[in-house]
Amino acid sequence: MLQVKDLIVCFGPAVILEKINLYVGEGEVVGVLGPNGAGKTTLLSAISGILKYTHSKIVRLSGEIRFRDEQIDNLTAEEIARRGLILCPGKRPFREMTVIENLRVGGFLCRSKEEFKRNLETVFNLFPILKSRAKQVAGTLSGGEQQMLTIAMALMAKPKLLCIDEPSAGLAPLVRKTVFEKLKQLSKQEGVSILLAEQDARLALSISDRSYVLSSGKIVAEGTREELLKNDVVRSSYLGL
Ligand SMILES: Nc1ncnc2c1ncn2[C@@H]1O[C@H](COP(=O)(O)OP(=O)(O)O)[C@@H](O)[C@H]1O
Ligand SMILES: [Mg+2]
């Protein structure tokens, strides 16, 4: 459903992503693993189209990105979102707004009240805690609840492919596990394909069908959990496991 071909991203003279080739199949959960600075956020920004709006005028991008048999690298971020490729950024929800107000922002693509209600129901089924906190101001939620709200905002746009950036960031180990279980549930129950950028390799491997290992802007390994863990160099040098 997603194909990235020979993607190169440069910020001025610095090459940030070097000839990235990857794909996500229908219904797959695919990990992009790598430490801080590897280029994960840049990759998701390029795919979802938001890299075009960076303040820096010196971004250069080449290669081809296709989504559901259509070239998308020349489309705006909104056009890409309308096709069902939704980015869940590594950011928290709007703190001063309530849970439901945040979900309304996430649901900006809904074409009718009925569609909004349907999406809201799906989201509340997956995250019942958000239903009981609907009128609570987002800044007063726990870290884990805020992360779930961020994911829920993306789900309000009914993604076919969810590109999610570092869902474990800033969360305690137990809460991380809960969030990742939700992602797994989302892929199994709703059939959403997921491209998961993540530093916590162990956790990401536990829910991914396949993964790519990104190091300094290059893909240095790819495979299933078993294949990657079998390789001692990958395991110790790149995944820290
Ligand atoms: N707007 C920008 N201008 C210049 N360099 C950037 C910009 N954004 C990110 N970078 C650089 O790109 C590299 C990859 O960053 P990033 O994609 O955020 O990695 P990750 O998400 O894996 O931590 C880093 O070296 C970072 O300093
Ligand atoms: Mg990042």
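Whatever order the structure lists them in is the order used to number ligands and atoms, beginning at 1.
- Heavy atoms of G34 stay at 4.0 angstrom or farther from ligand 1.
- A side-chain donor-acceptor contact under 3.5 Å links E198 and S168.
- Residue contact annotation: P35 has a non-hydrogen atom under 4.0 Å from ligand 1.
- Under a cut-off of 6.0 angstrom, the local environment of CD in E121 is sparse, with at most 12 non-hydrogen atoms contributed by other residues, nucleotides or ligands.
- The existence of a salt bridge linking E64 and R66 is confirmed by a sub-4.0 Å separation between a basic side-chain nitrogen and an acidic carboxylate oxygen.
- Under the 4.0 Å criterion applied to side-chain N and carboxylate O atoms, R176 and D200 are assigned as salt-bridge partners.
- Atom 2 (C) of ligand 1 is approached by the protein to below 4.0 angstrom, counting heavy atoms only.
- For a distance bound of 2.8 Å, the N, O or S atoms of N36 include none lying that close to the Mg ion (ligand 2).
- Looking from atom 18 (O) of ligand 1 to the surrounding protein, the closest heavy atom is T41 CB, 3.7 Å.
- Closest to atom 10 (N) of ligand 1 among all protein heavy atoms lies F11 CE1, 3.5 Å.
- Nearest protein heavy-atom contact of atom 11 (C) of ligand 1 is I16 CD1, 3.8 Å.
- Scanning N36, L33, T42, V32 for the heavy atom closest to atom 17 (O) of ligand 1 points to T42.
- Protein non-hydrogen atoms do not reach within 4.0 Å of atom 27 (O) of ligand 1.
- Heavy atoms from other residues, nucleotides or ligands lying under 6.0 Å from CZ of F67 number more than 12.
- Counting non-hydrogen atoms of other residues, nucleotides and ligands closer than 6.0 Å to CG of D69 gives a total of 12 or fewer.
- Side chain of E18 to backbone of G217: no donor-acceptor contact under 3.5 angstrom is found.
- The shortest side-chain heavy-atom distance between L85 and L2 falls under the 4.5 Å cut-off.
- When hydrogens are left out, the protein atom nearest atom 14 (C) of ligand 1 is G37 O, 3.4 Å; that is the closest non-hydrogen contact.
- Atom 19 (O) of ligand 1 has G39 N, 3.1 Å as its closest protein atom, hydrogens excluded (heavy atom only).
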